[in-house]
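In what follows, a structure is listed as structure tokens, so that the remarks can point back to it.
Within every chain, numbering begins at 1; the chains are lettered A, B, ... in the order of the sequence lines, protein sequences first and strands thereafter. Only heavy atoms go into these numbers, but all of them, side chains included; no hydrogens, no water, no symmetry mates.
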Amino acid sequence: MANTTQALEAPAAARAKPSASLWSDALSRLLRNRLAIVGGVIVLGLLLIAIIGPYIAPFPYQSQDLDAVTLTGGPVAPFRGAHILGTDELGRDLLSRLMDGAQISMTVAMVVQIVVLFIGVPIGAAAAWFGGRTDSFLMRFTDVIYAFPDLLFIILLGVAFRETFFGQAMNGLLLVFVAIGIVSWVTMARLVRGQLLSLKETEFVEAARAIGVSDFKIVTRHLLPNAIGPVIVAVTLGIPSAILSEATLAFIGIGAQAPRASWGSLIADGQNYIRSQPHLVIFPAIAIALALLSFTFLGDGLRDALDPKLKGKQ
Amino acid sequence: MTSVANTAAAPARDPGALVDVQNLKIHFPILTGVFQTEAGRVRAVDDISFEIRKGETLGLVGESGCGKTTTGRALIRLRNPTAGKVFFDGRDLMSLSRGELRRMRRRMQIIFQDPYGSLNPRMTVGSIVSEPLETHHLSSGHRMDRVRELLALVGLNPNYTNRYPHEFSGGQRQRIGIARALAVEPEFIVCDEPISALDVSIQAQVLNLLVELREQFGLTYLFIAHDLSVVRHISDRVGVMYLGKLVELGPPTAIYESPGHPYTRALLSAVPIPDPKAERKRRRVILTGDVPSPVNPPSGCRFHTRCWLYERLGRPENCRTEDPPLRQIGDDHRAACHYAEDALKSDVGVAHLEDRVRRGTPAAVAARHEAAAQAAVPHEQGAGVAGTGE
């Protein structure tokens, strides 16, 4: 606000300072949001671990330290010896397995959101753009998917395809990605439809039509740039629920196959030792919570940063 | 080209007309259910005909929902009419090809009511004002100079091209909207309640700007508003709409001093007068009931359900059965009422004006106009529009 007032008061002859572009503006607002920064840094860290994890992990995720297990007669406790976070009952290093799990969770996060974008955005845009019967049909279809219990649908899909090539592909993960994506696009479709519907009626779109701007340019210059903020926010905020869905599925045994383990299946494996060796549950749970929180903080920060109406307000 | 079959039924066409509206109807279907069947239609604009002459400002007033905005949009083909024709400079807008319409868009523009909704928040002022130039390949090479020139023309700092709309006040944003409309050097501008959303002090500034631009570029305006005094101030002729119909059309003196339609009189009688003496003389007609739904308008004259004259005349049958056409009732003065002559004789809505002169006769109007000139000044100051470009 201070910026604007200053420039307005400046003599007309003085070359007004060019306003920052919208995106760099949003970035500077994002950078002022500490919680979002913390979230963003953790997200970047998790991504880094997902990519280079196998190279920096202290042990390969599947290798067993049988000596250590024999010595303790069960899972190795954390903060002692070579295994910083301890091992599971088979002597596999928990830290290394968590780092491998990060790869699965981050892949889920990305792939599911891509599936969501590819299904949700076109369906929502088509419903809004064509209106009428197309709109009714697409939205009723969306309602049907929405009304169906998500988890039940994913489990049914998982069970039905478990033995097929599709179910086995990518160590069983492809099925999980697609299943979660298929139930999650609904919100995106509704969001995009709502955004475009209200934008279609705005006076600046009418003004563009009055000027004679082509339909294509109206969509690309006027509709999409105004809808992209909420879409980015929805994608970011959709990631934690995708991670959570994957963890839930892994917990009940759908998804990553042994010896690979996602955070959810680590918790499932660890629950047998929850009294004697609670670290087997606690550390994966911390990993999940950390990922969910940081994506949520980042998403909230993005929402605040991308809404130009909030600009200048603290 | 202008002469079509239905011209005969309509009043004689003005050869000086820039925009000629003939039997325009715009209905919006109400679609319901899964199969989107038509359950009814909103008759937003129902068979209206009028013309806008080159260089004139036609004011259009009426309650909200009476179809004035829809009419304005149809005149520059932002809405496709259900029936009827709109001629712009002799050419039927509906018959134009895509390319022709695009070229025609250079000649007609629109200024919107909402200074917040009419500018894309993601675009800088520079790109908003240069978009029309780009679209019509104008001023290539020195486009930014032209944008600065346009900003200066509407009274903004030309260096603001890199700013975003939210950095401006309502009045400044409205100026940006005006600069965008002027970019293509149009002849005709639809001003869709351009000052209704602004502060009273800013209203006067923007109105003055519009008047100045009109003088400077010889613009023709359709000025849509619901503020009667603003319309009177700026218009060469005034049209009054009620429920999708044009009920009266004429010069401001006729409309404001000897209106021929009972609805116009009812509207005028509702305007408060900032003069206690005149205010005491004012005779108000309180319209009872709501505006009927445009989905299912009353038969015959649409105003008969709320018309004081209809009651006073003992509920004549033709008001209920026959839709009154817009007909000549005076010099350049048309009204759509079976009993316009009776309305003219009444003093409803104009009782506060000098009542020694007999009402309704052109001579009386002229005499009264002279006398009321002084009385009208403070009234207009009250609306914040005094001393505009005169």
CA sep, side-chain torsions, deciding dist, call: A:Glu206, B:Arg79, side chain to side chain contact (heavy atoms under 4.5 Å, CB included): CA-CA 10 Å; A:Glu206 288 265 23; B:Arg79 294 275 178 284; 2.9 Å; yes
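- Only the side chain of B:Met123 comes within contact range of chain A, judged by heavy atoms closer than 4.5 Å.
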Stepwise, does the side chain to side chain contact (heavy atoms under 4.5 Å, CB included) test hold for B:Glu131 with A:Val213? CA-CA 8 Å; B:Glu131 189 174 36; A:Val213 179; 3.8 Å; yes
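- Residue A:Thr202 comes nearest to B:Gly117 through the heavy atom pair CB-O, 4.3 Å, listed as atom of the first residue, atom of the second, then distance.
- A 6.0 Å sphere centred on CZ of B:Phe217 holds more than 12 heavy atoms belonging to other residues, nucleotides or ligands.
- Of the two parts of B:Leu78, the backbone and the side chain both hold a non-hydrogen atom closer than 4.5 Å to a non-hydrogen atom of chain A.
- By the 4.0 Å N-to-carboxylate-O rule, A:Glu203 lies close enough to B:Arg73 to be salt-bridged with it.
- Of the listed residues (A:Ala208, A:Gly212, A:Gly229, A:Ser214), the one with the most heavy-atom contacts under 4.5 Å to chain B is A:Gly212.
- The side-chain contact (heavy atoms from CB on, under 4.5 Å) test with A:Ile211 is passed by exactly one of B:Arg105, B:Arg102, B:Glu134, B:Gln109: B:Gln109.
- Considering only heavy-atom pairs separated by less than 4.5 Å from chain A, the leading option among B:Ile76, B:Ile128, B:Asp114 is B:Asp114.
- Both the backbone and the side chain of B:Ser118 come within contact range of chain A, each with at least one heavy atom under 4.5 Å from a heavy atom of that chain.
- Using a 4.5 Å cut-off on side-chain heavy atoms (C-beta onward), B:Pro121 and A:Phe204 make contact.
- Heavy-atom pairs under 4.5 Å with chain A peak, among B:Met108, B:Arg77, B:His136, at B:His136.
- B:Asn120 contributes no side-chain N or O that, together with a main-chain N or O of A:Pro225, makes up a donor-acceptor pair within less than 3.5 Å.
- Heavy atoms closer than 4.5 Å to chain A are found in the side chain of B:Arg180, but not in its backbone.
- Neither the backbone nor the side chain of B:Arg103 comes within contact range of chain A; no heavy atoms are under 4.5 Å apart.
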